[in-house]
Structure formats: C-alpha cells, structure tokens
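Numbered from 1 within each chain, the chains take letters A, B, ... in sequence-line order. Any value given below was found using the heavy atoms of this structure, including those in side chains, with hydrogens, waters and symmetry copies removed.
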Amino acid sequence: MDGSVQMSGNKTLFEFPTSRIGSAPRRLKQIWAVGGGKGGVGKSLLSSSLALALSRSGHKTLAIDLDLGGANLHTTLGVELPRQTLNDFFAERVNHLSSCITSTSFPNLEIISGAQDTVTIANLNDEKKLRFLDSVRDLDVDYIIFDLGAGTSGHTLDFFLFSDVNIVTMLPEPTSIENGYRFLKSAYFRRLLVNKKLAPIHDLIELATDSKNVQGVRSPADLFKLVSRQKPEMAAQLKAEIERFRPKLVMNQVRTHADIEIGSSVKTVCKKYFGIDIDYLGYLDYDSTVWQAIRRKRPVLLEFPQSKLVGNVNRLIDQLLRSHGEQKSSLL
Amino acid sequence: MIFGSDQTYYDLLEVSSDASAQEIKNSYLRIKAAYRKDNLALYSLHEASESSDILERIEEAYQVLHDAEKRRDYDARHAFTAPIERDEIVSIDRVPPMDTSDESDLLNPPTTDFEAPERNVAVHAPEQTSAFATSNLSELNAGTQNSKSIAADTTVATTPSASTSDEGSQETEWTGSAIRKIRETKRYSLDDISTQTRISKTYLQAIEDEAFDKLPAPVFVRGFIIQYAKFLKIPHDAAAQYYMARFKKAV
C-alpha cells in the first residue's frame, strides 16, 4: 500500500452533526455501516442480509443504499427501481428524507435507494451530507443499515465513521485485503483528523496522511513516535482516541478453515499496526447459491433458507445485538 | 508495535498481566501464525523486515513470560502484582505503623491519612523523599510479616536513591501516564476505577492527564492517588509522594 489517504477535495474537514440536547426522544437505536474498500466483496449482500434478518426479528429496519452512483441494494432485496431516491433528497425535490422511503414486500423492512443520476451525486457537498445525516436520525425506525460504496472517498468514509457499528467486509484474496486495509487506514486517519480533542496535533496527523512526507512518517507507529517527540503531552490522548476506534470485521466467501483464520490474523495485524482492537465478528461461507438468488432478484436468505449463509448471518446478528443491540446510539 | 517502547511484554502478547500460562501460549501462537511469512493478512501492510522485527519481539516476550521464574522477576521489576492470595493483600492496605523514632511524630496521623500534613512527606525536596519512604516501608514490612509479593511490590518504588548511585534505575516515576499504563495493563477502564474507588471519572482522567488545573485542593488529590494506587496494588505511599511533588511543583 502506498499509504496515501485520499481526502475529499476540499481542505476544510467536514464536521459531524452533534447531538441536539432537549429535542424529542428518537426511535432510532443504531446505525450500522457496511464498507470495505473494494467492489464485489459482499457489502450489498451483507447489508441486505443484515437488514432482512433484523426486520425478521421484529425490529423496524431501514436499509439505505449509499453506493452513490452504483446503487443496487434494491435489486438484492427484489425491489423494483424506486420512484424516489436519495437523489431527490439531495436535489431538494423532496422536503423530507422520509419521502424517499420505499417499502419492500417484507414486513418491517424499508429501503432508501441510492441515487441513479451519477453526475450530480459525485459532487455531493458537505452541506448536503450534513443535512442528510441530520435527517437520518429523525426517521421512525429502530435500525438503519448503511450500504456503502467501494473506494475511500471522503463521503464514504464519513458515512462509515458516522455510524455506531462500523463493519468492514473482506474476502480472503490479496486484492480485497489490500483495499480493505486501505479503507481502514483512510477511515482511521480521517477519524483522528476530525477529532477536536486532537486539534493540537492536527498538522502531524495530516502529515501522516501524505505518503510522500519528508519527515518519513509512514505508519501509525511513526505518527505516534513523532507526536511523542514533538507534543509529548498529546501522546496519551492520541493513544486513547486511537483505541476508541473499534471496527468490526466480517470475512466473506470463506472456503476453508485457513480462510477463516485469515480474519484472526487481520485482527492481530491491525492491533500491531494501527493499535486498534478489531472485533472479528465472523465469516460467511462461500455459497454458490448467492448468484442464483441474485439472478432471480430475490434475497438469498429467503430463496435458500437451508443454505449455510443463513446460519452465518443469524450468528452475526445475534452477536451484534448481544454486544451493542439495545444501547442507544451515541449520536442521539 | 505502534505504541513502541511504551509496550510491556504483556502488551506485545496481547494478554492481561494476570493471564494464565495457557492464555499466554495461545496468544503467542496466534500472533506467530499471523506473522508467518506469506500470510495473506500481512499483504500490503507490513514489509518483510517489519514482520521479522515483530516476530523477534514476540519471541523475546514469550521467552520471559512463559518461564514462571523469569515472569516473576519481570513482574517485580515492572510493578505487576502476580496473582496472590486474597488474605495476603490485606497487609498492603493496612495503615502503616506510625514512626515512633521521633516523639513529635506521634502527634501526626500516619501518611496514608488523606489529611496528613505535608511536612510528613518531604515532597518539596525529592532527593530526600526516599529516605522517609524507605524507613516507613521497611517498618511496614517488618511489622507485618511481609510476604514475598509485597516485598516485590515495594522495591519497585522505594529503592533508596540516597544510598546508591546506580543511576536510580529502579526508581519508578509515578506520573499520570505511568499510572494510566498500569491501569491499562491490568485492563481496567476509568469507569471500573471510578465505581470501585468512588472517585469521579473526571478527576481520574485529570490525574492521568496531569491536568492539574482540573484537580481540587492537594489534600483531596493526595487521597485520590492513594485510593487509586491501592486499587491498582502499586505502592501507594511512593506513588502519592511522587505525584504530589509534581502536582505542587506545577500548581
């Protein structure tokens, strides 16, 4: 990896909306985001499966397709191309985000489809993003799943970091591992950059995001060393903020036991490299029924209820609900 | 590796300081497997030289921690308390006997008292402090049938600096971050400590950050440090002395 982190073009970093004190209690419990850098690693499959499984366990769930420009979450859930999409919200053709919600044929499950019109969406600005994230929290649902697009654009990273549960999917393949790490690294540095508590070392963090910097800061370890030397009083704070980042990992398309163990190794390597504790949630078995379900435009969970995948997904959901489920989102 | 020299052998092996031999072994094998050459999980993140460096350090840590005797030595030098029996702990929490060598001391409360007057601890002159601490602690040891673990515990912080000139290598500097490090090694969150000691989390945070302006009057801070140190099972008198000297210097 060349270590470079692509930030969105604009220099000023976007600030997450802060919680509004004193407003009416919200229904929303949590936002889960599924990302992973590379295309085709199962983000939409995992998102739709998580959403469907949550809705089937009685939670009102909304899946939002944030693969702006390449949206097809609706297809994995067997929904015809919806009339209203996120594009209408961003173009201010509708007043409320809730107007973009499309129902599905499954009880408790709704979706907001990604925009179809790629041209305008690629130029999504911070103001619109802020308005979107602010509106999301007022929706009348229990759980929201963000299905993120590929790549490490600033918008994708912000949607990822805004969520309560940050899930990264990888396949046991070099290309996916490489992009997965690039995604994690970009999110990692962006998270530190937008952190106000770390403002005194903002310049040093920014330096670390530039792979060609002259100080030779190449890795998080180098950054930590540099901060310890130049702003020793900030080192403990930096460490604390780093350790607060707890992304989750799902290995997809595993075929062998060794594939499953790659997930454990990724966890170990991330601990040593980034200083973060990744929560290895589990894996999804390689399942040849997936493509068949996709061709039929049906959720694989329903089309092949006997497949191993269903057990895999249910296990993930159980684990997530057990460790995070009923806590109220920190954003609310 | 990221936090560099800050890391203990326990950090390196990603186990807590009271991990069993089996836990240590399992973790060692897991990390070794992760850094095995050609492991896909290393792809694009680590260069070969970095991996072998990590493996070397893991090996070094394991050589010490899987050997019961070496581990005990290591623990003693780094203020980790090896798992000890409950009733042995009691003595360390005892109020040390008053120093009766000087008649006037009888009128002063023992040093563990929150309200202890400063003159009891020679904080303003750090080079004198260990003389007091040593006499105090050796009495404590003599008076309480000290167990091996306590001796190990206390040696860390109370090597008399006056008597030796071995560059004070054993002198532990109980700074806020040193205390934080021990807390983290023992896998306690600030919330845990706050619940157990009933010290507010804000103060605990300020103690660790050495955000002295956020802390109350010295007598309270001293009490906090002692409470906190006792909970972490580190030599509380030495910790309080050292910390308060810093605190007062800064305020």
message = Restricting to non-hydrogen atoms, name the atom on B:Ser44 and the atom on A:Glu178 that form the minimum distance, rounded to 0.1 Å.
response = OG-CA, 3.6 Å
request  = Would you confirm whether A:Lys272, through its side chain, and B:Leu12, through its main-chain N or O, come within 3.5 Å as a donor-acceptor pair?
outcome  = yes
query = Do A:Thr268 and B:Arg30 have side-chain N/O donor and acceptor atoms under 3.5 Å apart?
reply = yes
ask   = Say you draw a straight line from CD of A:Glu261 to CG of B:Leu40; how long is it, rounded to the nearest 0.5 Å?
value = 13.0 Å
query = From A:Ser264 OG over to B:Ile31 CD1, what is the distance, rounded to the nearest 0.5 angstrom?
reply = 12.0 Å
query = Within the distance-only criterion (no hydrogens, no angle test), does the side chain of A:Tyr181 pair as donor or acceptor with the backbone N or O of B:Ala41 below 3.5 angstrom?
reply = yes
key: Note, A:Phe274 side chain near B:Leu45 side chain (heavy atom, < 4.5 Å)   = yes
inquiry  = Counting heavy-atom pairs closer than 4.5 Å to chain B, which one of A:Val266, A:Ile177, A:Val269 comes out on top?
reply    = A:Val269
task = Check each atom of A:Ile242 against the heavy atoms of chain B and say whether the ones under 4.5 Å are side chain, backbone, both or neither.
result = side chain
note = Whatever's closer than 4.5 Å to a heavy atom in chain A on B:Glu184 counts as side chain
inquiry  = Under the rule for side chain to side chain contact (heavy atoms under 4.5 Å, CB included), what residues qualify as partners of B:Gln63, not counting sequence neighbours?
reply    = B:Glu59, B:His66
query = Is it the side chain or the backbone of A:Glu233 that comes within 4.5 Å of chain B heavy atoms, both, or neither?
reply = neither
key: With B:Phe247 via ring pair (Phe, Tyr, Trp, His ring centres under 6.0 Å) - residues at least two apart   = B:Phe212
query = Going from CG on B:Leu42 to OH on A:Tyr273, what distance comes out if it is rounded to the nearest 0.5 angstrom?
reply = 12.0 Å
